[in-house]
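Being a predicted model, the structure only gives us computed values, none of them experimental. Here is how names work: the chains are called A, B, and so on, in the same order as the sequence lines, proteins then strands, and each is numbered from 1.
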2 protein chains.
Amino acid sequence: MNAPDPMIRITTQRQILLEELGKTKNHPTACELYDMVRKRLPRIGLGTVYRNLELMADTGIILKLEVGGSQKRFDAEIEPHYHIRCCRCGKVENIEVDIIQDIVQSAAKKTSYDIIGHHVEFSGECPDCQDGSSKI
Amino acid sequence: MNAPDPMIRITTQRQILLEELGKTKNHPTACELYDMVRKRLPRIGLGTVYRNLELMADTGIILKLEVGGSQKRFDAEIEPHYHIRCCRCGKVENIEVDIIQDIVQSAAKKTSYDIIGHHVEFSGECPDCQDGSSKI
DNA sequence: ACTATATTGCAAATCATCCGCATTGGCGAA
DNA sequence: TTCGCCAATGCGGATGATTTGCAATATAGT
Ligand SMILES: [Mn+2]
Ligand SMILES: [Mn+2]
Ligand SMILES: [Zn+2]
Ligand SMILES: [Zn+2]
């Protein structure tokens, strides 16, 4: 009936993008990733970075984090886990808290939505920001 | 040592903004609120809306929701509660799930952050979007 | 009422993200 | 291998959301 899915090619920019994302635990933004990748592929375009991150997130090989702050962040770790964000510097880190399965069940009972997922985001002051908190 | 805090004035635009936000349970965006308020204050500027929402959120009399999607949303209900967002239409609603206090304690043990708060956001398909899901 | 200054409306600037398009480059077929 | 199709890229320019600068205005203390 409809045309076959267009093929997805393995391009250098995709490989390197994925490699660089895999190297860090910093949940980089698209721009941060752009800077990282540019050290190896100086001519890559920012649009390519956005397009491919979007594609990979849709495919499910990476995670797009819609956390607080004005920029989206990306994560190579796709196993479910939660995050904590520093309310001062905006840094996002993993937090090793057990996934709450119960909450999805009890939420399902309380809503007529068809629940697809959930995310828990803590916020607080990171150690770095605690030190100089009153300064500046 | 430093100058006293500048006074905060009760302006018409602030009063009406707060009233309009209080009237709805829809977690409006700044632009949606702008449209609502403009019916009563046609000459209000969008900048004023943004500035005051920011101010009120900082003061703690309203909540700024940093949920998924590209726009921030605002909430007059400041008692802790969780939200669910429709992954199709972007609508955000409250979800009546008990606040998980335990998770904050266990998170506190797992991190060196000074935890200030947390938020749980579910995502799923709202009833409206479930119907016509395959259409269009 | 008078004044000091916090706040506004407006417009222009910024920031993140997306898009159109001519050119390039994967990769399956010959 | 080479060839050719068309997915993907680099570019630069749109878009949408939010912020900011500034002269004009309005609140609140005297
Ligand atoms: Mn992570
Ligand atoms: Mn709410
Ligand atoms: Zn920090
Ligand atoms: Zn919906």
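Taking atom CZ of B/R51 as the reference point, atom P of D/dA17 lies 19 Å away to the nearest angstrom. One interatomic measurement links the two molecules: CE of A/M56 to P of D/dA8, which rounds to 11 Å at whole-angstrom precision. Put simply, CG on B/L46 is 11 Å from C1' on D/dG16, counting in whole angstrom units. Atom CZ in A/R38 sits roughly 16 Å away from atom P in D/dT9 (whole-Å rounding). In this structure, CG of B/N52 is placed 14 Å from C1' of D/dA26, rounded to the nearest angstrom. Between the P atom of D/dA17 and the CG atom of B/L53 lies a distance of 15 Å, rounded to the nearest Å. Rounded to whole Å, atom P of C/dA16 lies 11 Å from atom CZ of A/R73. Between the CD atom of A/E54 and the C1' atom of C/dA16 there is a distance of 13 Å, given to the nearest Å.
Of the candidate nucleotides D/dT18, C/dT8, D/dG10, D/dG10 has the atom nearest to the side chain of A/T48. Between C/dA6, D/dT18, C/dT17, one nucleotide has an atom nearer to the side chain of B/P6 than all others, and that is C/dA6.
Nearest approach of A/Y34 to A/V49, heavy atoms of both residues: CD1-CG2, 3.9 Å. Here the closest heavy-atom approach between residue A/E125 and residue A/Q130 is recorded as O-NE2, 2.8 Å. Residue B/K91 comes nearest to B/C126 through the heavy atom pair NZ-SG, 3.4 Å, listed as atom of the first residue, atom of the second, then distance.
The cluster map of Ile, Leu, Val, Met, Phe, Trp and Tyr, joined by side-chain heavy atoms under 4.5 Å apart, puts B/M56 and B/M36 in the same cluster.
Neither side chain, A/E96 nor A/Y82, offers a donor N or O lying under 3.5 Å from an acceptor on the other. Judged purely by distance below 3.5 Å, without hydrogens or angles, the side chains of A/H119 and A/H83 pair a donor atom with an acceptor atom.
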Next on the checklist: Treating primed atoms plus P, OP1 and OP2 as sugar-phosphate and everything else as base, which nucleotides of nucleotides 24-30 of chain C get B, S or - for protein heavy atoms under 4.0 Å?
Outcome noted: -BBSS--
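Residue B/Q71 is the one, among B/Q71 and B/G47, whose nearest nucleotide of DNA chain D lies closer to the 5' end (criterion: closest heavy atom). Summary of the strand contacts: B/A30 and A/R43 both lie near DNA chain D, and taking for each the nucleotide with the nearest heavy atom, the more 5' one is attributed to A/R43.
OP1 or OP2 of C/dT17 sits under 4.0 Å from a side-chain N or O of A/Y50. For B/R14, a side-chain nitrogen or oxygen approaches OP1 or OP2 of C/dT7 to under 4.0 Å.
Using modelled atom types, no side-chain atom of B/T111 and backbone atom of B/A107 make a donor-acceptor pair closer than 3.5 Å.
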